[in-house]
Protein chains: 2
Amino acid sequence: MGTVEWVETVERLIRSTQELLWERGYVGTSPKAIQAAAEAGQGSMYHHFAGKAELARAAIERSGAELTEAAEQELAGPGTATERIVRYLRRDREVLRGCRMGRLTADPDVMADPALRAPVAEAFGRIRARLADIIAEGKRDGEFPAGLDPVATAAAVAAVLQGGYVLARAAGEDDPFELAVQGLVHLLEGVSA
Amino acid sequence: MGTVEWVETVERLIRSTQELLWERGYVGTSPKAIQAAAEAGQGSMYHHFAGKAELARAAIERSGAELTEAAEQELAGPGTATERIVRYLRRDREVLRGCRMGRLTADPDVMADPALRAPVAEAFGRIRARLADIIAEGKRDGEFPAGLDPVATAAAVAAVLQGGYVLARAAGEDDPFELAVQGLVHLLEGVSA
DNA sequence: GTCTATATGGCGATAGAC
DNA sequence: GTCTATCGCCATATAGAC
């Protein structure tokens, strides 16, 4: 049993935990369910991780990194500030599954544990900062009016996404998400015109 | 033991469930915790409600009614369309506690049970429709440009609130919520000018 | 209507064999 | 590294006395 199998078991544990946290949250995810999803035994899991919290920490950090990287993919490409933001907003998403990070803010045990909340805070902090940079750039280029607040506008953009997920899940269909994005894009284009 | 005590026990059970669902969600709320919070015994709870799901149903329906009524309070008052929407957005909120309804969309058991999800869907449906009415009104009065889509804009407004809660909880402070609202209000005023 | 007793099963973890 | 056994506790009721 070389390093390969070791890494693969840990990887399966982390990825299974990511999926379960996404679907059922921290409170709703049991070590047993993780083991079943990862096809790993009880002993195996507790050998690699001290417990549920430590495994969740690894999974949340991984998800945070993936999320910010995905955002960077859309935001770093070519185009005007508006085009890049719209591309990010309209990216293909599994709307009804919700946001893997945003979902965790509903979990009291995650919010109460600094080690679990920190990666969530960091992911959203990075994305909001990146959006604010792009909007500030758009201002410099005369694309947005001088009076536009980049930080506040960036928060609104991020909030529309997170809120769009919430409204869509409540409705049981994608529409509210798409509508909210459409409404925001329209407003953004309105002030740019 | 007349009707008074009976009603009071049921009331305490419902209200305690509302609080616990808000704080810990459906999965994280146990009948035992509800009984403790309501100062009601095991037998008492199961006498009035068939089980956790039925009690949750009553609590969610109550919360939905309270939420739509509160929204109506802000939205029905005097002022222009923009003023009424801004008043609704800026209403005093316990930001870090999140939205009692929005929170439930993260709960897989709530989403999976039509009886539990329906009141959530209805509450958001009502609020979005009411916002769309007001925006349509503002269009008729020349307050908003003719090109503005009331339904999409309403979805964006509702999404900013829900997303603002998520961002604020992630950050552990109110700021992102306030910023998102500020960003949206600025955009709304921008297109109205 | 409310109480206590009881039941089944899952949670989250530890222990020690292999 | 992984397995099985075991643990104490809680979840979600049900049963029947009072």
Side-chain angles (χ1 to χ4, degrees), chain A residues 1-60 104 107-113 115-116, chain B residues 1-60 104 106-110 112-113 115-116:
Chain A
M1 70 275 277
T3 300
V4 173
E5 287 83 2
W6 185 86
V7 170
E8 282 181 348
T9 294
V10 169
E11 272 296 304
R12 284 202 314 278
L13 283 167
I14 292 177
R15 286 207 255 265
S16 298
T17 305
Q18 285 182 279
E19 288 301 308
L20 285 164
L21 286 180
W22 191 356
E23 199 182 329
R24 306 205 39 89
Y26 184 80
V27 172
T29 297
S30 68
K32 190 176 179 181
I34 294 170
Q35 292 149 25
E39 294 178 290
Q42 187 99 328
S44 185
M45 192 198 105
Y46 280 102
H47 172 74
H48 294 294
F49 297 92
K52 177 178 166 177
E54 193 179 302
L55 186 41
R57 184 177 194 277
I60 295 172
L104 298 172
D107 233 306
D109 293 8
V110 171
M111 292 297 97
D113 183 341
L116 298 182
Chain B
M1 69 274 279
T3 300
V4 173
E5 287 83 4
W6 185 85
V7 169
E8 282 180 350
T9 294
V10 168
E11 273 295 304
R12 284 203 313 278
L13 283 167
I14 292 177
R15 287 207 254 264
S16 298
T17 305
Q18 284 182 280
E19 287 301 308
L20 286 165
L21 286 180
W22 191 356
E23 198 181 329
R24 305 204 40 88
Y26 184 80
V27 172
T29 296
S30 68
K32 190 176 178 181
I34 294 170
Q35 292 149 27
E39 294 178 288
Q42 187 97 329
S44 185
M45 191 198 106
Y46 281 101
H47 172 74
H48 294 294
F49 297 92
K52 177 179 166 176
E54 195 179 300
L55 186 41
R57 185 177 193 277
I60 295 172
L104 298 172
D107 233 306
D109 292 8
V110 171
D113 184 341
L116 298 182

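What you see below is based on every heavy atom in this structure, not just the backbone, and it leaves out hydrogens, waters and symmetry mates. We name chains A, B, ... by the order of the sequence lines, and we start the count at 1 in each one. Note that the structure is predicted; figures quoted are calculated from it, not measured.
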List, with names and distances, any nitrogen or oxygen atoms from the protein found under 3.5 Å away from nitrogen or oxygen atoms belonging to nucleotides 3-10 of chain C.
unit_1 : atom_1 : unit_2  : atom_2 : d
C:dC3  : OP2    : B:Gly41 : N      : 3.2

Separation of [X] atom [atom1] from [N] atom [atom2], in whole Å?
| X | N | atom1 | atom2 | result |
| --- | --- | --- | --- | --- |
| B:Lys52 | D:dT14 | NZ | P | 14 Å |
| A:His47 | C:dC18 | NE2 | C1' | 14 Å |
| B:Ile34 | D:dA11 | CD1 | P | 11 Å |
| B:Leu20 | D:dA11 | CG | P | 11 Å |
| A:Gln35 | D:dG1 | CD | C1' | 14 Å |
| B:Arg12 | C:dG1 | CZ | P | 14 Å |
| A:Asp109 | C:dC11 | CG | P | 15 Å |
| A:Glu39 | D:dT2 | CD | C1' | 15 Å |

- Message: Using a 3.5 Å distance criterion without hydrogens, assess whether the side chain of B:Thr17 forms a donor-acceptor pair with backbone atoms of B:Leu55.
- Response: no
State, with a plain yes or no, whether a side-chain heavy atom of [X] is found less than 4.5 Å away from one of [Y].
| X | Y | answer |
| --- | --- | --- |
| A:Met111 | A:Asp107 | no |
| A:Arg15 | A:Glu11 | yes |
| B:Asp109 | A:Arg24 | yes |

- Message: Please tell me if B:Thr9 has a side-chain N or O lying less than 4.0 Å from either OP1 or OP2 of C:dG1.
- Response: no
Mind listing the closest non-hydrogen atom pair of [X] and [Y] along with its distance?
| X | Y | answer |
| --- | --- | --- |
| A:Ala58 | A:Phe49 | CB-CE2, 4.1 Å |
| A:Gln35 | A:Gly41 | CG-O, 4.0 Å |
| B:Arg57 | B:Ala115 | NE-CB, 3.6 Å |
| A:Gly51 | A:Met45 | C-CE, 4.4 Å |

- Task: Any chance you could measure A:Ile34, atom CD1, to A:Leu21, atom CG, to the nearest 0.5 Å?
- Result: 6.5 Å
- Enter the inter-axis angle for the ends of the helix from C:dG1-D:dC18 to C:dC18-D:dG1 (five pairs per end, rounded to 10°). 0°
- Message: If you only use heavy atoms from C-beta on, which nucleotide in C:dG12, D:dG1, C:dG1 is closest to the side chain of A:His48?
- Response: D:dG1
- Given C:dT2, D:dG1, D:dT14, the nucleotide with the shortest approach to the side chain of B:Tyr46: D:dT14
- Message: Between A:Ala50 and A:Gly28, which residue's closest nucleotide on DNA chain C lies nearer the 5′ terminus?
- Response: A:Gly28
